[in-house]
Amino acid sequence: MAKGIDSYAHTACLNAGGYTIAILGNGLDICYPGEHHKLMKCTEEKSLLLSEYPPGTSPSRYTFPRRNRLIRMLGPQGSDPMRYE
């Protein structure tokens, strides 16, 4: 999760009773940014939190671009591997 559109989209989805997938740029045991504790807890209870990082991994300028690759793969064109060549 990130500030801005990420958090707004997850919040709107959950408020509408929908299902969302939040892909983190850090370990699952770290809430970033810190003000998203409630959103993270709600997502954990009602939807899905994913991270490729082990617990204790802090967010950095390197982890978020890697996270974005997973978001792209789960998007509408994600099932078409030719899109990335």
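Just so you know, these numbers use all the heavy atoms, side chains as well, and skip hydrogens, waters and symmetry mates. The residues of the chain are indexed from 1 along the displayed sequence.
- Hydrophobic clustering keeps Ile30 apart from Ile23 (ILVMFWY residues linked when any side-chain heavy atoms are closer than 4.5 Å, directly or through intermediates).
- Residues Thr63 and Asn26 have side chains not in contact (no heavy-atom distance under 4.5 Å, counting atoms from C-beta outward).
- Listed by first and then second residue, the salt bridge (charged side-chain N to carboxylate O under 4.0 Å, His left out) pairs involving residues 31-40 are Lys3-Glu35 (not counting sequence neighbours).
- Each salt bridge (charged side-chain N to carboxylate O under 4.0 Å, His left out) pair with one or both residues in residues 4-17, not counting sequence neighbours, appears once here: Asp6-Arg67.
- Of all non-hydrogen atoms in Leu50 and Ile21, the two that sit nearest each other are CD1-CG2, 3.8 Å.
- His10 is linked by a side chain to side chain donor-acceptor pair (under 3.5 Å) to Thr20, counting only residues two or more places apart in sequence or in another chain.
- Within the hydrophobic cluster formed by Ile, Leu, Val, Met, Phe, Trp and Tyr side chains joined at under 4.5 Å, directly or through other members, Tyr32 is accompanied by Phe64.
- Atom NE2 in His36 sits 7.5 Å away from atom SG in Cys31 (nearest 0.5 Å).
- Atom-to-atom distance recorded for Asn68:CG and Met73:CE is 12.5 Å, nearest 0.5 angstrom.
- In terms of the salt bridge (Lys or Arg N to Asp or Glu O under 4.0 Å) criterion, Asp29 has no residue partners (sequence neighbours excluded).
- Counting all heavy atoms, side chain and backbone alike, Leu24 lies closest to Met40 at CD1-CE, 3.9 Å.
- Residues Leu14 and Tyr19 fail the side-chain proximity criterion, which asks for heavy atoms closer than 4.5 Å.
- Other residues sharing the hydrophobic cluster of Ile5, ordered by chain and number and joined by side-chain separations under 4.5 Å: none, the residue standing alone.
- A side chain to side chain donor-acceptor pair (under 3.5 Å) check over residues 39-60, counting only residues at least two apart or in different chains, returns the pairs Glu52-Arg66, Glu52-Arg69.
- Within 6.0 Å of OH on Tyr62 lie no more than 12 heavy atoms contributed by other residues, nucleotides or ligands.
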